[in-house]
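The first residue in the sequence is number 1, and the count goes up from there.
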Amino acid sequence: GGKLLLFSKVPVDVDAIKNAISSANEVKQERHSDQTAYFLVRVTGLPANGDDAKGQAQVVKTYNDTFARLGFETGTLDAVFNALAPYRETPYDAFYQQMVQRVETDPDFMAVTMAVVGEIAVTGKSHDANGFTREVSVRVDAYDVLSKKRIASYSDVYELWNKDPKLADQMLLDKAAVNSARAIADQTATYWQKR
């Protein structure tokens with residue numbers, strides 16, 4: 001009935017691990033370098049236009065970095081911001097349809113083979129003398145422009161309490177962007193590898 005606790009030391013070859021990761025990334029890059037992805041993910045619900053724009057820049061950069069690490073070519077940030085600007089107040093379903101239509105027909109998006117379209121919406125749920133409860137909902141889809149079909153989806157809701165609502169929003173945006181970007185990137189990479 002006694003218990004035995006074991007300790008062990010394991011030598012790790014850091015250079016071998018680094019080389020293995022580098023090789024895996026090179027293989028992924030070879031497979032996806034001909035795919036150009038655009039991230040048409042809007043941010044809504046922050047207190048002012050400036051905050052929404054700043055949050056959106058943060059989200060799009062997270063998507064760009066995540067997909068670039070998997071070897072995708074990514075669209076220019078200025079083009080993304082210009083495309084999203086007119087749709088800040090548009091209801092989500094109309095926004096989604098119009099974005100998909102743009103990447104299919106607009107000459108400015110001729111190089112796009114895949115678009116990630118969606119929204120990260122921030123809301124304030126409640127507050128008291130001690131702080132604020134903030135919530136963010138994320139829903140994004142990856143759309144294959146060539147086959148005209150949805151190839152990946154992600155949705156979730158996150159909630160956070162903090163004394164500073166702006167800090168809460170920043171942390172929630174980071175979490176929503178990182179989690180959704182990774183999930184969509186993994187699903188998308190799997191899709192392209194199977195083609």
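Taking CZ of R182 as the reference point, atom OH of Y154 lies at 10.5 Å (rounded to 0.5 Å). In this structure, D141 CG and S155 OG are separated by 8.5 Å, a value rounded to the nearest 0.5 Å. Atom CG in N162 sits 12.0 Å away from atom CG in N130 (nearest 0.5 Å). Note that NZ of K149 and CG of D144 are 7.0 Å apart. Values are rounded to the nearest 0.5 Å. In this structure, CG on D169 lies 11.0 Å from CG on D174, to the nearest 0.5 angstrom. Residue K166 holds its NZ atom at 9.5 Å from CG of L46, rounded to the nearest 0.5 Å.
Looking at L173, V178, N179, L172 one by one, the single match for side-chain contact (heavy atoms from CB on, under 4.5 Å) with K175 turns out to be N179. With respect to Y143, the side-chain hydrogen bond (donor to acceptor under 3.5 Å, both in side chains) criterion is satisfied by exactly one of K148, R150, E104: E104.
Taking 4.5 Å as the limit, some side-chain heavy atom of Q170 sits within range of a side-chain heavy atom of Q58. Side chains of I120 and V138 form a contact here, defined as non-hydrogen atoms less than 4.5 Å apart. Between Y158 and D156, some side-chain heavy-atom pair lies under the 4.5 Å cut-off. Contact of the R139 side chain with the Y96 side chain is not registered, since no non-hydrogen atoms from C-beta on lie closer than 4.5 Å.
Electrostatic pairing of R69 and D65 does not count as a salt bridge here, judged by no charged N lying under 4.0 Å from a carboxylate O.
The cationic atom of R42 (NZ for Lys, CZ for Arg) does not lie both less than 6.0 Å from the six-membered ring centre of Y87 and within 45° of the ring axis.
Shortest non-hydrogen contact noted between A177 and S180 is O-OG, 3.3 Å. Listed here is the closest heavy atom pair of R134 and G45: NH2-O, 4.2 Å. For A185 against T66, the heavy-atom pair with the smallest separation is CB-CG2, 3.9 Å. Contact between V157 and S137 at its shortest, heavy atoms only, is CG2-CB, 4.0 Å. Closest non-hydrogen pair, V140 versus E119, comes out as CG1-N, 4.0 Å. A pairwise comparison of heavy atoms in A142 and M114 identifies CB-SD, 3.8 Å as the closest pair.
For E159 (side chain) and T133 (main-chain N/O), no donor-acceptor pair under 3.5 Å exists by modelled atom type. A donor-acceptor distance shorter than 3.5 angstrom exists from the side chain of Q56 to the backbone of V43, with no hydrogens or angles considered.
In the displayed structure, R102 atom CZ is contacted under 6.0 Å by more than 12 heavy atoms of other residues, nucleotides or ligands.
Relative orientation of the F67 and Y63 rings is parallel, given thresholds of 30° and 60° on the angle between their planes.
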If you apply the rule side chain to side chain contact (heavy atoms under 4.5 Å, CB included), what do you find for T188 with F72, and how did you get there? CA-CA 10 Å; T188 303; F72 286 86; 3.8 Å; yes
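One hydrophobic cluster, built from ILVMFWY side chains closer than 4.5 Å, holds both V136 and L160.
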